[in-house]
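Report on the following structure.
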Amino acid sequence: MSGIFGAVSKNNCMEDFFYIGDYHSHLGSAFAGIATCGKKMTRKIHDIRNSQFKSKLHDDFRSLKSKQGIGAISFEEQPIYVKSKFGDFCLVVNGWINNWKELTKELFSKGYSFSEVSEGRVNIPELLSKLIVQKDSMLEGIEYAFSKIKGSASFLILNREGIYAVRDKLGISSLIIGKKNNTWAVVTETSAFPNLGFKIVKYLLPGEVILIGRNGLRQKHKGGKNLKICAFQWIYTGFPTSSYEGINVEIVRERCGQFLAKDDPLQPDLICGVPDSGIAHALGYSMQKRIPYRRPLVKYTPGYGRSYLPSCQHTRELIARMKLIPIKEIINKKRIVLCEDSIVRGTQLKSFTVQKLWDNNAKEVHLRVACPPLMFPCRFNFSTRSINELAARRAIKALERKEPLNVDKYLDEKSSQYKRMVSWIMKDIGATSLKYQRLDNMVKAIGLPKDKLCLYCWSGKL
Ligand code: SF4
């Protein structure tokens, strides 16, 4: 999962550019990088595993004066800086190229080498740039890359003309253009816009290419209708104030909570959400039931960010244990509905959330989950989960005493297998009851037609 962003202006726009980047901080765990284009190209990349975008890049921005720049917050080092036959350019990517091994071999056979290698894998932005430079112009190169890539890659290219904003062919991730006076901005997350005074002017279509120059926008490649946008952005990864395809994240989460409540005969004493992304789901549940939303667990360490992003298990667990502080006076003897966006492994939910409610004398803890059981790892690297660590897969393996080749019967909410799987997870986590959202209700809560969404996490189908 990454966030990419850029700005182009008739004037120095580095202050806006800096804060636009900072508003993507929740999307990355490892690296933050920027490139600007003035008299010369400048590139800065920082490791942000132990600090934040703001503190790492603040001094860089103070020394920069430029009318255009691109950046990324991501799991790998970017932007990549390329000298090519059609001029210097820098490139950032949000996404994943599934056939990177085949493409790498193909490029080796043509005599290409790669320099930005990490743990034996080529850098995805470098691979993409090597595809682009095989053609005679930027646009031909982009179109060629589209034809070769299997997966999802939205990207930004900065050169003397401005920024080429390119949304991936399936539209799995978003790119949105905003405008303020003489400045254009392009973002993954529209959260960057309101406080900086930008208004949304365009959601790029799948496969669309727009050149953002100082004098405005030029469409370089028409977009298609084949949209398969990631549904998980609305459920978990997106920031509440962001919108994708014009649909706000917080509103979708409230609707998810309302759907959960409509199907649920429970009348608890209070409703709460696992901070942060479970909160809006819980608010929706509370609004529907007209039962108070309260905070029996309060998050103290906002600076830690997402707990599932650190690659080291020990660090993940330490963060999870430290960040939620219980309030015994609220929990004591209460029947509690706890809403969560999703269950990935379930281990943190069990040990550091549900258990804290029991330790403080909760009477009942009913777990309600805003999406169906996660059954498949992301095909596009939007999250780090692997198949074996998913709670649903662990349940199936325990019930069947082997890993079945086909899990279709566990996807059907009405099947006995689904019910046994949910019951196993409930017991494993230690909840009084557990209910997941139905897939059709999650789709209704998002509000796009089912065939416009990537639901692979839950269905295993694209
Ligand atoms: S597989 Fe899941 S996380 Fe990945 S793009 Fe599709 S819906 Fe999003």
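Positions are given from 1, in the same order as the sequence printed here. Counting starts at 1 for both ligands and their atoms, in listed order. Quantities reported herein were computed from a predicted structural model and do not represent experimental measurements.
- Backbone or side-chain N, O or S atoms of Cys454 do not reach atom 4 (Fe) of ligand 1 at under 2.8 Å.
- Distances below 4.0 Å separate heavy atoms of Phe380 from the following atoms of ligand 1: 5 (S).
- Within the 4.0 Å heavy-atom criterion, neither part of Leu453 lies near ligand 1.
- Metal site remark for atom 2 (Fe) of ligand 1: Cys457 contributes an N, O or S atom at a distance under 2.8 Å.
- For the pair Arg49 and Phe31, the cation-pi test (distance below 6.0 Å, angle within 45°) is passed.
- Both tests do not hold together for Arg167 against Tyr203: distance to the six-membered ring centre under 6.0 Å, angle to the ring axis within 45°.
- The side-chain tip of Lys130 points at the ring of Phe114 from less than 6.0 angstrom away and within 45° of straight on.
- Those atoms of ligand 1 that come under 4.0 Å of a heavy atom in Ile172, given as number and element, are 5 (S).
- Residue-ligand proximity, Cys230 to ligand 1, at heavy-atom distances under 4.0 Å covers atoms 3 (S), 5 (S), 7 (S), 8 (Fe).
- Remark: Lys262 is positioned above the aromatic ring of Phe259, its terminal NZ or CZ atom under 6.0 angstrom from the ring centre and at most 45 degrees off the axis.
- A donor-acceptor contact shorter than 3.5 Å links the side chain of Arg253 to the backbone of Tyr236.
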